[in-house]
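Reminder, nothing fancy here: chain letters follow the sequence lines and each chain counts from 1. Values reported hereafter were calculated over all heavy atoms of this structure, with side chains retained and with hydrogens, waters and symmetry mates removed.
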Amino acid sequence: MKSLPKSFFEKTRPNVRENKNIAQQTDNIVIPIEWSKEVLEGKKKVLIKLPKNN
Amino acid sequence: MCKIGDIIVIDKYIGDDGQAVGRHSFVVLSVDKGKIGGIDYDLVANAISSIKNEEHKKRISKYKGNLIINMDNEYVKNPNHKEGFIKAMCLVYFKKEKIKYYTLGSLSVETWEALEKLLEELNEMDTIINNTYNIEEDATLV
């Protein structure tokens, strides 16, 4: 997989500390994914895809 | 060890609201060492969230900064929660030595390409924000 350039990650941007309202506007609440027992035990390797209609 | 495009679970991290969150899933964006705001990091990731229901999905879909994803039934505890989203608009910075994490799998190549394209677009629009809570001196994560 092609990586994004280092400059992408070192760009000065607003921080969530000062921009909680921005984060909240984007439905900030992230809900943990409840993985199956097989995944958590390492018996199945997750492969995340795009929705079929994407 | 983890690499770009991997799905990892981090035992404890500080979320965008400054509160500690347990066992959350992320997609790895970078494992290169660097500095942001003068602070070292060696892992950058986006949080992955579950989608609760259709109403939640509608709200999530309104925002350009979220990428909707799909997990097969066999991967999740509840098949009704097989859809999720990657919160691309927020980059979360970590130091691997300060966290406990394990790898569960990866994004498909197609999903990685869609995420990369979205990140580039968000970058051009200056709509990305950084979460550096987890690399700050006083962050207690282990």
Side-chain angles (χ1 to χ4, degrees), chain A, chain B residues 4-5 7 9 15-18 21 23-25 27 29-30 32 34-37 44 47-52 59-60 63 65-66 68-72 74-78 81 83-84 87 89-91 104-112 114 116 119-120 123 126 128-133:
Chain A
M1 289 177 179
K2 195 183 92 182
S3 61
L4 289 152
K6 196 173 179 186
S7 57
F8 179 89
F9 298 104
E10 301 201 338
K11 182 175 170 180
T12 304
R13 296 188 171 98
N15 197 292
V16 285
R17 186 188 300 284
E18 296 83 27
N19 291 273
K20 285 180 184 166
N21 58 332
I22 297 174
Q24 280 157 5
Q25 280 166 22
T26 54
D27 218 325
N28 183 40
I29 301 162
V30 286
I31 305 162
I33 293 167
E34 290 191 62
W35 300 106
S36 65
K37 195 178 165 202
E38 289 82 2
V39 167
L40 294 174
E41 288 175 350
K43 291 176 186 165
K44 279 191 196 301
K45 204 174 173 190
V46 171
L47 183 67
I48 287 184
K49 300 173 188 170
L50 294 173
K52 286 191 174 70
N53 60 355
N54 198 52
Chain B
I4 295 164
I7 306 301
V9 172
D16 301 348
D17 58 0
V21 183
R23 301 187 84 184
H24 203 86
S25 305
V27 57
L29 303 177
S30 172
D32 292 335
K35 276 183 191 285
I36 183 80
V44 187
I48 302 176
S49 173
S50 186
I51 292 178
K52 285 185 286 189
R59 292 202 313 270
I60 293 303
Y63 300 111
N66 295 326
I68 306 286
I69 51 169
N70 191 279
M71 293 155 282
D72 287 349
E74 60 188 334
Y75 299 146
V76 290
K77 208 169 170 181
N78 180 347
H81 295 162
E83 282 191 307
K87 192 173 175 181
M89 55 81 71
C90 186
L91 304 180
L104 294 183
S106 62
L107 296 186
S108 68
V109 172
E110 183 192 28
T111 312
W112 171 259
E116 191 183 29
L119 286 164
E120 284 168 353
N123 187 40
D126 282 331
I128 296 178
I129 56 174
N130 292 339
N131 175 343
T132 56
Y133 283 129

Considering only heavy atoms and a distance below 4.5 Å, find which of [options] pairs most often with chain A.
| options | value |
| --- | --- |
| B:Ser30, B:Gly84, B:Gly37 | B:Ser30 |
| B:Asp32, B:Asn78, B:Ile48 | B:Ile48 |
| B:Asn131, B:Leu91, B:Ile128 | B:Ile128 |
| B:Glu74, B:Glu83, B:Glu110, B:Arg23 | B:Glu74 |
| B:Gly34, B:Gly65, B:Gly5 | B:Gly34 |

Nearest heavy atoms of [X] and [Y], plus distance in Å:
| X | Y | value |
| --- | --- | --- |
| A:Ile48 | B:Thr111 | O-OG1, 3.2 Å |
| A:Ser3 | B:Ile4 | CB-CD1, 3.2 Å |
| B:Trp112 | A:Lys2 | NE1-O, 3.1 Å |
| B:Ala47 | A:Val30 | CB-CG1, 4.3 Å |
| B:Lys52 | A:Ile31 | CG-CD1, 3.3 Å |

Chain A contact via [X] - which portion, at a heavy-atom distance below 4.5 Å:
| X | value |
| --- | --- |
| B:Val44 | side chain |
| B:Val21 | neither |
| B:Leu29 | both |
| B:Ser25 | side chain |
| B:Ile7 | side chain |

Look up atom [atom1] in [X] and atom [atom2] in [Y], then write down how far apart they are to the nearest 0.5 Å.
| X | Y | atom1 | atom2 | answer |
| --- | --- | --- | --- | --- |
| B:Asn123 | A:Phe8 | CG | CZ | 5.0 Å |
| B:Met71 | A:Glu34 | CE | CD | 11.5 Å |
| B:Ile36 | A:Thr12 | CD1 | OG1 | 6.0 Å |
| B:Asp126 | A:Arg13 | CG | CZ | 8.0 Å |
| A:Ile33 | B:Ser50 | CD1 | OG | 6.0 Å |
| B:Ile129 | A:Asn15 | CD1 | CG | 8.0 Å |

Original post:
Counting only N and O atoms by type, is there a donor-acceptor contact under 3.5 Å from the side chain of A:Glu10 to the main-chain atoms of B:Lys35?
Top reply: yes
**OP:** Among A:Val46, A:Val39, A:Leu4, A:Leu40, single out the residue with the greatest number of heavy-atom pairs under 4.5 Å to chain B.
**Re:** A:Val46
Subject >> Residue, of A:Met1, A:Glu38, A:Lys45, A:Lys37, that accumulates the most heavy atom pairs under 4.5 Å with chain B >> reply: A:Met1
Subject >> Minimum side-chain heavy-atom gap B:Asn130-A:Lys11 below 4.5 Å >> reply: no
